[in-house]
2 protein chains.
Amino acid sequence: MKRKAAPTSQACSAQELEDALSVLDGRWKTLIIYHLFTAPVLRFSDLRRAVEGISQKMLIQQRRDLEADGVIFRKVYPVVPPKVEYGLTKDGLALRPALQALQDWAKSRTPPKA
Amino acid sequence: MKRKAAPTSQACSAQELEDALSVLDGRWKTLIIYHLFTAPVLRFSDLRRAVEGISQKMLIQQRRDLEADGVIFRKVYPVVPPKVEYGLTKDGLALRPALQALQDWAKSRTPPKA
DNA sequence: CTGGATCCTATTGGATACTG
DNA sequence: CAGTATCCAATAGGATCCAG
């Protein structure tokens with residue numbers, strides 16, 4: 001679901017949390033970001049292979065959202081076979097601790113079943 | 001969107017991240033958890049007022065998911081006017097650093113516009 | 001290679017009425 | 001008070017075809 005600007009008009013800082021989540025929401029965003037941690041930059045096709053399972057549409061769409069949110073940057077090379085590289089911006093990189101914390105949580109909590 | 005078990009069958013630990021996100025996904029889950037940080041336990045109506053904007057259906061539904069994921073517990077009092085209290089489990093509380101990190105990120109990144 | 005545009009379906013989530 | 005059930009609208013996301 002799309003979390004738009006929270007209607008929370010109060011002083012409640014749950015607002016900030018919503019703000020952060022709104023950036024990461026979407027089935028693939030976090031995955032895209034995650035994979036961008038593994039390399040300085042990735043090309044479109046690299047990302048598509050990395051995320052694996054993502055449709056072209058989603059990769060473009062969610063990538064664009066992330067770009068709009070200033071999390072990832074896009075560098076286009078004006079060459080014959082189009083070449084575009086994507087990478088994390090300052091804000092994107094700053095997201096690492098948070099994602100790491102989530103990942104740690106997933107690992108540490110009462111082991112599911114497997 | 002519902003993030004079901006990631007089909008990622010590889011050794012890639014993006015899986016863990018997905019796992020964590022799947023628990024928090026849903027428009028209100030993080031908000032519910034967030035508000036449960038503010039008190040040891042909250043009653044149904046308390047939560048409803050706290051989250052504010054959430055429909056009864058969503059509160060029940062998402063709360064139940066969180067319960068199923070072992071993030072929050074539910075204590076029913078067999079009294080005349082039904083009384084049920086909700087609180088965070090061990091795993092739920094362990095989620096705090098992660099959510100805090102996200103919140104910090106939201107605050108620290110290039111100030112939007114407001 | 002990158003990515004835009006459509007069509008289409010599953011899911012999400014909101015409103016409301018009803019029950020113990 | 002807490003929870004359920006149903007009807008409905010909005011949206012996310014997948015497949016596919018087209019274009020620079």
Side-chain angles (χ1 to χ4, degrees), chain A residues 1-8 18 21-33 35-36 39 41-69 72-87, chain B residues 1-8 18 21-33 35-36 39 41-69 72-87:
Chain A
M1 42 37 280
K2 254 296 156 279
R3 294 178 170 84
K4 1 200 113 170
T8 318
E18 277 230 276
L21 266 307
S22 76
V23 175
L24 300 183
D25 122 274
R27 187 169 174 188
W28 308 96
K29 299 211 184 139
T30 44
L31 266 299
I32 294 176
I33 295 174
H35 286 291
L36 281 176
V41 293
L42 285 177
R43 295 189 52 171
F44 186 85
S45 23
D46 292 331
L47 265 179
R48 197 171 177 192
R49 239 175 299 110
V51 178
E52 185 186 16
I54 192 173
S55 67
Q56 195 173 30
K57 176 189 177 183
M58 283 300 103
L59 179 50
I60 294 174
Q61 191 172 295
Q62 313 238 336
R63 187 261 310 152
R64 192 146 44 162
D65 284 351
L66 290 173
E67 202 183 332
D69 280 321
I72 72 181
F73 68 80
R74 181 189 187 211
K75 175 160 188 179
V76 183
Y77 292 82
V79 295
V80 187
K83 175 181 176 182
V84 185
E85 290 183 336
Y86 299 100
Chain B
M1 51 8 315
K2 253 297 157 278
R3 292 178 171 85
K4 0 201 113 170
T8 318
E18 277 230 275
L21 265 307
S22 75
V23 174
L24 300 183
D25 122 273
R27 188 170 174 188
W28 309 96
K29 299 212 185 137
T30 43
L31 266 299
I32 293 176
I33 296 175
H35 286 291
L36 281 175
V41 293
L42 284 178
R43 295 189 53 172
F44 186 85
S45 23
D46 292 330
L47 264 179
R48 197 170 176 191
R49 239 175 299 113
V51 178
E52 183 186 16
I54 192 174
S55 67
Q56 192 173 32
K57 176 189 175 182
M58 283 300 104
L59 178 50
I60 294 174
Q61 191 172 296
Q62 313 238 334
R63 186 261 309 152
R64 193 146 43 165
D65 285 350
L66 290 173
E67 201 184 331
D69 281 320
I72 72 183
F73 68 80
R74 181 192 188 208
K75 176 161 188 178
V76 183
Y77 293 83
V79 294
V80 187
K83 175 181 176 181
V84 185
E85 290 182 336
Y86 298 101

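Just the heavy atoms: all of them, side chains too, but no hydrogens, waters or symmetry mates, feed the values below. Reminder, nothing fancy here: chain letters follow the sequence lines and each chain counts from 1.
Applying the 4.0 Å criterion to OP1 and OP2 of dA2(D), one finds that Arg43(B) has a side-chain N or O inside that range. Between dG14(D) and Arg27(A), a contact under 4.0 Å exists linking OP1 or OP2 to a side-chain N or O.
Atom CG in Leu42(B) sits about 11 Å away from atom P in dA2(D), given to the nearest Å. One atom, CE of Met58(B), and another, C1' of dA10(D), lie 13 Å apart when rounded to the nearest Å. Ile72(B) places its CD1 atom 13 Å from the P atom of dA2(D), with the value rounded to the nearest Å. Remark: C1' of dG13(D) and CG of Asp65(A) are 13 Å apart, rounded to the nearest angstrom. For the pair Gln61(A) CD and dA15(D) C1', the computed distance is 14 Å after rounding to whole Å. As rounded to whole Å, 15 Å separates atom P of dA2(D) from atom NZ of Lys75(B). If you take NZ of Lys83(A) and P of dG20(D), they are 23 Å apart, rounded to a whole angstrom. Distance, Asp25(A) CG to dA12(D) P: 8 Å, rounded to whole Å.
The minimum heavy-atom distance between Asp65(B) and Lys29(B), with the atom names listed, is OD2-NZ, 3.4 Å.
For the pair Pro82(A) and Arg48(A), both in contact range of DNA chain D, the more 5′-proximal nearest nucleotide belongs to Arg48(A). Take the nearest nucleotide of DNA chain D for Ser55(A) and for Asp46(B): the residue whose nucleotide is more 5' is Asp46(B).
Distance check: Leu24(B) CG to Ile33(B) CD1 gives 5.0 Å after rounding to the nearest 0.5 Å. Rounded to the nearest 0.5 angstrom, Trp28(B) CH2 and Leu59(B) CG are separated by 10.0 Å. One distance of note links CD1 of Ile72(A) with OH of Tyr86(A); it measures 7.5 Å at 0.5 Å rounding.
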Sequence neighbours excluded and cut-off under 3.5 Å, please list the side-chain donor-acceptor pairs for residues 76-85 of chain A, or say none.
from, atom 1, to, atom 2, distance (Å)
Tyr77(A), OH, Glu85(A), OE1, 2.8

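Counting any heavy atom pair closer than 4.0 Å across all strands shown, Gln62(B) reaches sugar-phosphate atoms only and no base atom.
Exactly one residue among Gln56(B), Gln62(B), Met58(B), Lys57(B) makes a side-chain contact (heavy atoms from CB on, under 4.5 Å) with Ile60(B). That residue is Gln56(B).
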**Request:** Evaluate the side chain to side chain contact (heavy atoms under 4.5 Å, CB included) criterion for residues Val51(B) and His35(B): first the C-alpha distance (whole Å), next the side-chain angles of each, then the deciding distance (0.1 Å), finally the verdict.
**Result:** CA-CA 7 Å; Val51(B) 178; His35(B) 286 291; 3.9 Å; yes
Contacts under 3.5 Å, N or O only, protein and nucleotides 3-7 of chain D:
from, atom 1, to, atom 2, distance (Å)
dG3(D), OP1, Arg74(B), NE, 2.9
dG3(D), OP1, Arg74(B), NH2, 2.0
dG3(D), OP1, Tyr86(B), OH, 2.8
dG3(D), OP2, Tyr86(B), OH, 2.6
dG3(D), N7, Gln56(B), NE2, 2.9
dG3(D), O6, Gln56(B), OE1, 3.4
dT4(D), OP1, Arg64(B), NH1, 3.4

